[in-house]
Every structure is written in structure tokens, then in C-alpha cells.
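Please read the structure below before turning to the comments.
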There are 2 protein chains.
Amino acid sequence: MSLILCFNLIIKPMFSKACEYAIRAAIFIASESERGRRASLKDIAREIDSPEAFTAKTLQKLSRSGIIVSTKGAHGGFEVKQDMATKIKISEIVLAIDGDKVYTRCSLGLHDCSENHPCPFHSRFKPVRNGLKEIVENTSLRDLTSGLVSGDTFLKI
Amino acid sequence: MSLILCFNLIIKPMFSKACEYAIRAAIFIASESERGRRASLKDIAREIDSPEAFTAKTLQKLSRSGIIVSTKGAHGGFEVKQDMATKIKISEIVLAIDGDKVYTRCSLGLHDCSENHPCPFHSRFKPVRNGLKEIVENTSLRDLTSGLVSGDTFLKI
DNA sequence: AAAATTAGGGACATGAATGTCTTTATTTTA
DNA sequence: TAAAATAAAGACATTCATGTCCCTAATTTT
Ligand code: FES
Ligand code: FES
């Protein structure tokens with residue numbers, strides 16, 4: 001009757017692949033922007049180890065959302081405007097990729113998550129969810145970029 | 001530049017559909033077992049509002065894992081043995097459905113989540129993950145069944 | 001013994017997420 | 001002006017989770 005961990009399986013698809021690439025790409029782009037360089041799609045895909053064409057799609061969404069700025073042509077690429085890095089929250093990146101359908105998702109798949117009609121897992125799940133909510137809404141792109149620049153965190157492997 | 005919530009989108013697929021059905025089904029089966037009744041597949045699918053054939057698959061896995069016991073024939077169905085309800089943790093149900101590949105999943109999709117090679121989100125993500133881990137490993141099937149029996153929680157709609 | 005009722009299991013179908021390819025548009029460089 | 005470099009966009013391909021169908025096995029009821 002060995003139970004043991006398994007937690008990682010539960011939270012396995014926390015972000016979609018598209019979202020993972022978007023966040024990692026945004027962090028890399030922001031770090032390059034700090035050094036005054038634009039990042040090309042090819043650079044990005046190499047540095048975050050992601051499929052190039054698929055990553056391009058997510059970058060287009062970030063661009064349309066105004067989170068990053070794209071420039072065509074030689075020496076073009078993607079950048080994050082300096083004053084934006086601290087303003088952009090991780091929640092905004094997720095919103096840009098997964099769309100703006102704001103609804104309340106129940107952990108056990110009920111139609112809506114609500115206090116009036118809670119599933120059996122609701123009361124235990126809610127505090128964890130709120131904790132995560134706090135984090136994604138209060139962490140800026142700049143917050144995540146700084147560790148990368150200092151070499152303490154990584155974007156691939 | 002409206003950001004606002006979006007958190008629910010992030011955690012959208014916390015459990016797979018199969019896992020959601022499995023947990024909800026197990027809760028219902030356990031509640032029926034407390035009353036001395038077996039639950040048939042048809043009953044279960046109706047009570048948790050899930051696709052019957054698909055739910056059958058997940059019940060087979062729970063059965064093979066020894067979490068529930070199945071009986072064929074008239075007045076057969078599924079049951080949870082009384083002393084088991086308090087022993088079974090939610091983590092075991094998830095393990096039974098999603099398999100036993102125990103690995104460490106990084107929130108940003110790096111190959112492994114580790115302290116030595118952390119992604120930029122690691123330090124913020126880890127406490128939330130640990131909180132959730134605590135909960136799924138320490139919540140028993142019985143814990144979730146009691147609210148259903150008392151009418152305080154729900155399994156559908 | 002026959003019929004009815006239940007779960008088990010394999011094959012197939014569908015849909016969504018992921019990923020690829022090709023062409024077009026824009027800008028810079030030569 | 002021509003060529004090269006880059007992103008944008010649409011069509012297509014693949015994979016995987018989800019879901020359905022149909023037949024089989026086991027048990028109980030008649
Ligand atoms: S009702 Fe299920 S998590 Fe809130
Ligand atoms: S390395 Fe990314 S969450 Fe731990």
C-alpha cells in the first residue's frame with residue numbers, strides 16, 4: 001500500500017506548454033533587453049530549448065498583448081521595454097497565452113467553483129490556490145529575470 | 001493594461017479528467033459503502049455526472065490498485081471496504097490513475113525540478129507545491145466523504 | 001438451465017494541444 | 001534596386017487525452 005509522493009504528477013500540467021515557453025521566452029527576452037540587445041526567434045528557441053515555429057506562435061500573442069515588442073528585418077527581434085519589465089506580472093503572460101475567459105475552475109471538475117456549492121475538495125484546495133494566485137499576480141517579469149542575469153537560475157535543461 | 005485575476009486559468013488542468021472522475025467516483029462509492037450499498041457503474045455515472053464508458057476505465061484502474069472492490073453480476077457494483085476509507089489518501093487515487101512514473105516536474109518545463117539547477121520560478125513555486133503535496137497526502141477518502149454524507153459538499157453541477 | 005445484470009477489456013472515434021511547413025510582409029544591408 | 005534577415009500568418013501534421021462501442025466474463029435471479 002505504498003503511497004509516497006505523486007504530488008508532481010498532480011501538478012504536472014500546471015502551465016500549458018505554450019505558457020511555459022512564453023514565460024521562459026519573456027524572461028530571456030527581458031534579460032537581453034537589459035543588455036540593450038534584441039533577441040531573435042532563433043536565439044530564443046536555442047536559449048530556452050523550445051521548438052522554434054511553435055514558440056513563434058506564443059511570441060506573436062505576447063506581442064499582440066503588448067508584453068513584448070517585435071521588430072522585423074535584419075537586427076530585428078523581440079524586446080521588453082525597460083520600464084515594462086517591472087510592471088508586467090506573470091499572470092499577464094498567462095492571460096495573454098491562454099486567453100481571457102475568466103471563470104472559476106473547480107479542482108474536481110464541477111461546473112463552477114463556489115462557496116455555495118462546493119465540491120468535497122474545495123475547502124482544502126482553496127488556500128493553496130489563493131497562495132498561487134498571490135504569487136503569479138505579484139511576481140514581475142523583472143523579478144524572474146534578475147536570477148537569470150546573476151546566474152542563479154536557468155531556462156533550459 | 002488590465003491584468004486582474006487569471007489564476008483559475010493557470011491551474012485549470014490541475015487534475016486530469018480521468019483523475020477528477022476517479023476522485024469523485026471514489027467519494028460517491030465510499031459514501032454508498034458507508035450505507036451498506038454497492039454502487040453500480042450506472043449509478044456512479046449518474047451521481048457524479050460523468051461519461052459512463054470513460055468512467056468505467058478509471059474504475060478499473062482503481063479496482064486493480066485495490067482502492068475499490070468490484071463485484072460482477074446482479075446487485076454487483078463497486079464498494080470501498082470500511083477500514084480502507086480512512087487509510088486511502090487522495091494521493092493514492094491520483095497515483096493509480098496517472099501511473100507511477102515518479103519524477104520531478106518543473107513549473108516552467110525544465111527537464112527536472114532541482115535545487116541545483118532551478119528555473120526562475122522555482123523558489124516561489126516550491127512552497128505552494130509543498131502545501132498542495134501536504135494536502136493530497138494527508139487527506140483521506142473518508143475525509144472527503146463525510147461532507148458529502150452530511151450534505152455540505154457536492155459531486156456534480 | 002436460461003435469462004438478466006453487472007463489470008472487464010479491446011478497438012475505434014473525436015477533439016484539443018502541440019508541433020511543422022510554406023508563404024508573405026517588413027526592414028536593413030549591400 | 002536587389003538581396004538578406006527577420007517576424008507574421010495560415011495550412012497542415014502529429015500526439016495525446018478524452019470519449020464511445022461492442023463483445024466477453026462472471027454472478028445472480030428465475
Ligand atoms: S468547488 Fe471544487 S474547488 Fe471549489
Ligand atoms: S526547477 Fe522549475 S519549479 Fe523547480
Side-chain angles (χ1 to χ4, degrees), chain A residues 9-10 12-26 29 32 37-46 48-80 94 96-99 101 105 109, chain B residues 9-10 12-26 28-29 32 37-46 48-80 94 96-99 101 109:
Chain A
L9 286 167
I10 287 179
K12 179 165 43 178
M14 168 165 172
F15 298 108
S16 66
K17 275 293 170 192
C19 221
E20 287 176 358
Y21 298 149
I23 295 171
R24 280 153 61 194
I29 295 166
E32 287 292 279
R37 298 198 286 251
R38 289 205 186 93
S40 73
L41 172 60
K42 201 185 293 184
D43 291 341
I44 295 166
R46 175 172 25 81
I48 73 172
D49 193 24
S50 68
E52 196 171 308
F54 188 65
T55 304
K57 303 296 183 191
T58 74
L59 292 180
Q60 285 168 27
K61 288 184 186 174
L62 291 186
S63 176
R64 281 192 288 263
S65 301
I67 292 169
I68 62 178
V69 174
S70 72
T71 308
K72 290 180 180 177
H75 294 113
F78 300 89
E79 65 188 300
V80 172
V94 177
I97 300 302
D98 283 348
K101 288 170 63 177
R105 186 59 160 72
Chain B
L9 286 167
I10 287 179
K12 178 166 42 178
M14 168 167 172
F15 297 109
S16 66
K17 275 292 168 192
C19 221
E20 288 177 358
Y21 298 149
I23 295 171
R24 280 155 58 195
F28 174 68
I29 295 166
E32 287 292 281
R37 301 197 285 251
R38 290 204 187 94
S40 72
L41 172 61
K42 201 185 294 186
D43 291 341
I44 296 166
R46 175 171 26 81
I48 74 173
D49 193 24
S50 68
E52 196 172 307
F54 188 65
T55 305
K57 304 295 184 191
T58 74
L59 293 179
Q60 285 167 28
K61 288 184 185 175
L62 291 187
S63 176
R64 280 193 288 264
S65 301
I67 292 170
I68 62 178
V69 174
S70 71
T71 308
K72 290 180 180 178
H75 294 114
F78 300 89
E79 66 188 300
V80 172
V94 178
I97 300 302
D98 283 349
K101 288 170 62 178

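Note that the coordinates shown come from a computational prediction; the quantities given were computed from them, not determined experimentally.
The minimum heavy-atom distance linking A:Cys19 with A:Ile97 is given by the pair N-CG2, 3.9 Å. In plain terms, the two heavy atoms of B:Val80 and B:Ala26 that are nearest each other are CG2-O, 4.4 Å.
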Self-check item: Check against side-chain hydrogen bond (donor to acceptor under 3.5 Å, both in side chains), A:Thr71 and A:Arg38
Solution: CA-CA 9 Å; A:Thr71 308; A:Arg38 289 205 186 93; 3.3 Å; yes

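Rounded to whole angstrom, the span from the CD1 atom of A:Ile97 across to the C1' atom of C:dA17 amounts to 13 Å. If you measure from atom CG of B:Leu62 to atom P of C:dG9, you get 13 Å, rounded to the nearest angstrom. Look at NZ on B:Lys42: it is 9 Å from C1' on C:dT5, rounded to the nearest Å. Look at CD1 on A:Ile68: it is 12 Å from C1' on D:dA8, rounded to the nearest Å. If you measure from atom CG of A:Leu41 to atom P of C:dT26, you get 19 Å, rounded to the nearest angstrom. When the C1' atom of C:dT6 is taken as reference, atom CD1 of B:Ile44 falls 12 Å away, rounded to whole Å. Atoms CG (B:Asp43) and P (C:dT5) sit 14 Å apart, rounded to a whole Å. As a whole-Å value, the separation of A:Phe78 CZ from C:dT26 C1' is 13 Å.
Interatomic distance, CG of B:Leu62 versus NZ of B:Lys57, reported as 14.0 Å (0.5 Å rounding). Going from atom NZ of A:Lys17 over to atom CD of A:Glu20 covers 4.5 Å, rounded to the nearest 0.5 Å.
Side-chain nitrogen and oxygen atoms of B:Gln60 include at least one within less than 4.0 Å of the OP1 or OP2 phosphate oxygen of C:dG9. An OP1 or OP2 oxygen of D:dT27 is reached within less than 4.0 angstrom by no side-chain nitrogen or oxygen of B:Arg38. Phosphate proximity of C:dG8 to B:Ser63: present, with a side-chain N or O under 4.0 Å from OP1 or OP2.
Qualifying side chain to side chain contact (heavy atoms under 4.5 Å, CB included) partners for A:Lys42, counting only residues two or more places apart in sequence or in other chains: A:Ser40, A:Glu52. Take B:Phe28 and apply the ring-ring contact (aromatic ring centres under 6.0 Å, His included) test, not counting sequence neighbours, and it matches no residue. Contacts of B:Arg46 classified as side chain to side chain contact (heavy atoms under 4.5 Å, CB included), with partners at least two apart in sequence or in another chain: B:Asp43. A:Phe78 pairs by the ring-ring contact (aromatic ring centres under 6.0 Å, His included) definition with nothing, not counting sequence neighbours.
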Distances for protein N or O near nucleotides 18-21 of chain D N or O, under 3.5 Å:
| from | atom 1 | to | atom 2 | distance (Å) |
| --- | --- | --- | --- | --- |
| D:dT18 | OP1 | B:Lys17 | N | 2.8 |
| D:dG19 | OP2 | B:Tyr21 | OH | 3.1 |

List, with names and distances, any nitrogen or oxygen atoms from the protein found under 3.5 Å away from nitrogen or oxygen atoms belonging to nucleotides 27-30 of chain C.
none

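Heavy-atom nearest nucleotides on DNA chain C were determined for B:Arg64 and for B:Gly76, and the one closer to the 5' end corresponds to B:Gly76.
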